[in-house]
Peer 1: 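One structure, as structure tokens, below. Some questions next.
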There are 2 protein chains.
Amino acid sequence: MPRQVDHASRRRLIAEAVCHLADERGLEGVTLRDVAARAQVSVGAVQRCFRTKEEMLVFALGHISERISERVRARLVRSPAQSAATALGHAAAEISLLREAHRAEARVWLAFAAQAAVSKALAKTLKANYAAVQEAFTRLISEAGEGTDRAVSLDPQREARTVLALADGLTTHVLIGHLTPREAHDVLHAHLAGLWEQPAQPSHSREDRAG
Amino acid sequence: MPRQVDHASRRRLIAEAVCHLADERGLEGVTLRDVAARAQVSVGAVQRCFRTKEEMLVFALGHISERISERVRARLVRSPAQSAATALGHAAAEISLLREAHRAEARVWLAFAAQAAVSKALAKTLKANYAAVQEAFTRLISEAGEGTDRAVSLDPQREARTVLALADGLTTHVLIGHLTPREAHDVLHAHLAGLWEQPAQPSHSREDRAG
DNA sequence: CACGTACCAATTCGACCGTATCGGAACCGT
DNA sequence: ACGGTTCCGATACGGTCGAATTGGTACGTG
């Protein structure tokens with residue numbers, strides 16, 4: 001056998017380069033040449049790892065998705081002793097990428113999300129990730145709801161979707177500059193607090209329908 | 001005076017073309033040639049209206065932003081007699097672009113939002129729009145809070161930010177395909193309903209704090 | 001009726017894109 | 001030592017990009 005190369009690790013290296021460029025210039029600024037230069041490999045090497053540019057992008061999206069959700073998972077298993085409510089708070093803060101250190105990942109996520117709206121391959125990868133996170137959130141909310149008297153457990157899945165969408169919306173608003181990270185953090189935790197802290201009130205005095 | 005042309009209306013025409021293309025292929029697929037072809041004008045005409053491509057994009061973003069927020073505003077003044085809560089529901093549904101008819105606008109918004117994360121000029125335009133909508137939402141929540149016994153009025157601005165971020169997050173998730181429009185609509189209205197329907201808890205101290 | 005001017009379509013330009021190809025270097029079993 | 005196989009960097013190609021230039025046309029003015 002001739003000289004062998006670790007394809008897997010090289011693909012990861014290239015994926016990192018893609019993410020760096022997507023962070024700095026948006027996904028439009030990701031070209032094969034720049035990726036190769038950033039990854040310190042030749043263009044030919046990039047093309048040998050990925051047949052087309054799209055294949056490279058899909059892999060890069062999977063790469064960063066896995067990294068983010070892995071961090072969320074780590075956060076969850078690290079605090080199993082704590083209440084599910086606390087765990088959810090940590091996980092939500094993690095997924096919203098509010099920390100300055102993860103601002104780059106947030107920009108990459110937004111760039112990919114926008115592209116996924118018009119690219120089926122990217123959308124598939126992204127959807128799979130969201131489905132997993134939503135399921136985890138749903139389970140957490142379910143567990144947390146059992147311990148309290150609040151009837152939040154009415155629909156844990158819906159609450160999970162709410163938290164997930166809120167987190168992503170906040171991420172977007174921080175990236176745009178409409179909110180500061182602190183403000184976003186405040187909004188997120190206020191929402192989460194509202195889930196458990198309000199005690200149950202068996203009788204609704206009056207219904208105010210909004211629709 | 002030589003042959004005159006209505007610059008303003010032509011710029012709007014071109015902006016429409018930009019939005020159409022951004023909807024179909026994402027913002028990367030927006031080129032001067034395609035824009036010109038879609039707007040039924042020559043490339044030169046586009047270049048006379050906008051000195052650079054970025055100037056064209058900024059104008060297009062302002063164009064669609066104004067259109068969306070104008071629709072929200074129209075929705076608000078159309079139902080002044082109804083409760084502020086109802087009005088907020090309508091406005092939030094409008095801003096989240098969940099209706100199938102506005103799916104294209106949603107894709108355009110997402111494309112611009114992603115680009116705004118790395119483009120200062122776009123971010124400025126987008127921020128101005130968000131500031132206006134957030135202010136309107138804050139006022140609505142304030143008014144709605146006065147009529148109820150619920151102490152939601154603790155921080156109308158924060159609630160406005162929550163609704164706005166939630167709406168955007170839901171829009172994104174629908175575009176990606178993680179949620180159906182119906183599910184997103186459900187989440188949004190459940191959240192809004194939660195703002196007013198939960199009765200106050202008299203025994204609680206006035207401060208609701210949760211890390 | 002000329003004339004200048006504002007407008008427009010077409011062309012050109014240099015740069016860069018993604019992709020394909022190729023000669024040589026590196027490596028291994030024999 | 002050597003031939004075969006795999007990897008690598010460089011280069012060429014067809015195409016498209018944004019931007020600038022040019023020649024022609026329609027129009028209001030003098």
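In what follows, every chain begins at residue 1, and chains take the letters A, B, ... in the order their sequences are listed. Excluded from the calculations below are hydrogen atoms, water molecules and symmetry mates; all remaining heavy atoms, backbone and side chain alike, are included.
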Peer 1: Going by the rule ring pair (Phe, Tyr, Trp, His ring centres under 6.0 Å), which residues pair with H178(A) if we only count those two or more places apart in sequence or in a different chain?
Peer 2: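 Per chain and number, H178(A) pairs via ring pair (Phe, Tyr, Trp, His ring centres under 6.0 Å) with H173(A), Y130(B).
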Peer 1: Please check if the side chain of R107(B) supplies one atom and the backbone of E24(B) the other of a donor-acceptor pair under 3.5 Å.
Peer 2: no
Peer 1: Please list, chain by chain and in numerical order, all residues satisfying ring pair (Phe, Tyr, Trp, His ring centres under 6.0 Å) with H185(B), sequence neighbours excluded.
Peer 2: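 With neighbours one apart ignored, the set is H189(B).
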Peer 1: Let me know the distance between NZ of K53(A) and P of dC17(C), rounded to the nearest Å.
Peer 2: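 It is 9 Å, rounded to the nearest whole Å.
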Peer 1: Between the main-chain N or O of S96(A) and the side-chain N or O of T171(A), is there a donor-acceptor pair closer than 3.5 Å?
Peer 2: yes
Peer 1: Taking only N and O in the side chain of R10(B), is any of them less than 4.0 Å away from OP1 or OP2 of dC8(C)?
Peer 2: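 Affirmative; the distance criterion is met.
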Peer 1: Checking R33(A) side chain against V43(A) main chain: does a donor-acceptor pair fall under 3.5 Å?
Peer 2: no
Peer 1: Between N or O atoms, less than 3.5 Å apart, protein on one side and nucleotides 20-22 of chain D on the other: list the pairs.
Peer 2:
from: dA20(D); atom 1: N6; to: Q47(B); atom 2: OE1; distance (Å): 3.3

Peer 1: Just wondering, do R158(B) and E183(A) contact through their side chains at under 4.5 Å, heavy atoms?
Peer 2: no
Peer 1: Can a donor-acceptor pair be found, under 3.5 Å and without considering hydrogens, that links the side chain of S119(B) to the backbone of A116(B)?
Peer 2: no
Peer 1: What pairs with F137(A) under ring pair (Phe, Tyr, Trp, His ring centres under 6.0 Å), at least two apart in sequence or on another chain?
Peer 2: none
Peer 1: Using only atom types and a distance under 3.5 Å, with no angle test, would you say the side chain of E105(A) pairs donor to acceptor with the backbone of H102(A)?
Peer 2: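 No, because the side chain of E105(A) does not come within donor-acceptor range (under 3.5 Å) of the backbone of H102(A).
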Peer 1: Could you state the atom-to-atom distance from CG of D6(B) to P of dA6(C) in whole Å?
Peer 2: 17 Å
Peer 1: Within residues 23-31 of chain B, find the residues that approach DNA chain D with a heavy atom at under 4.0 Å, and present them sorted by residue number.
Peer 2: V30(B), T31(B)
Peer 1: Is a salt bridge present between R73(A) and E70(A), judged by a nitrogen-to-oxygen distance below 4.0 Å?
Peer 2: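 Salt bridge flag = yes for E70(A) with R73(A).
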Peer 1: Measure from CD on E54(B) to C1' on dA19(D) and round the result to the nearest Å.
Peer 2: 15 Å
Peer 1: Report which part of the nucleic acid L32(B) touches: base, sugar-phosphate, or nothing (heavy-atom distance under 4.0 Å, all strands).
Peer 2: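 L32(B): backbone/sugar contact only, no base atoms under 4.0 Å.
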Peer 1: Under a 3.5 Å distance rule, please check whether R48(A) uses its side chain to pair with a backbone N or O of G44(A) as donor and acceptor.
Peer 2: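 Indeed, once roles are kept as given, a pair shorter than 3.5 Å links the two residues.
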Peer 1: Distance check needed: dG18(C) C1' versus F50(A) CZ, whole Å only.
Peer 2: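 It is 15 Å, rounded to the nearest whole Å.
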Peer 1: Rounded to the nearest angstrom, tell me the gap between atom CD1 in I14(B) and atom P in dC7(C).
Peer 2: 13 Å
Peer 1: Just the atom pairs and distances: protein N or O near nucleotides 12-15 of chain D's N or O, under 3.5 Å.
Peer 2:
none

Peer 1: Between atom CG in L21(A) and atom P in dG18(C), what is the gap in whole Å?
Peer 2: 11 Å
Peer 1: Given dG18(C), dC17(C), dC7(D), which nucleotide is nearest the side-chain atoms of R48(A)?
Peer 2: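 When the side chain of R48(A) is considered, dC7(D) is the closest of dG18(C), dC17(C), dC7(D).
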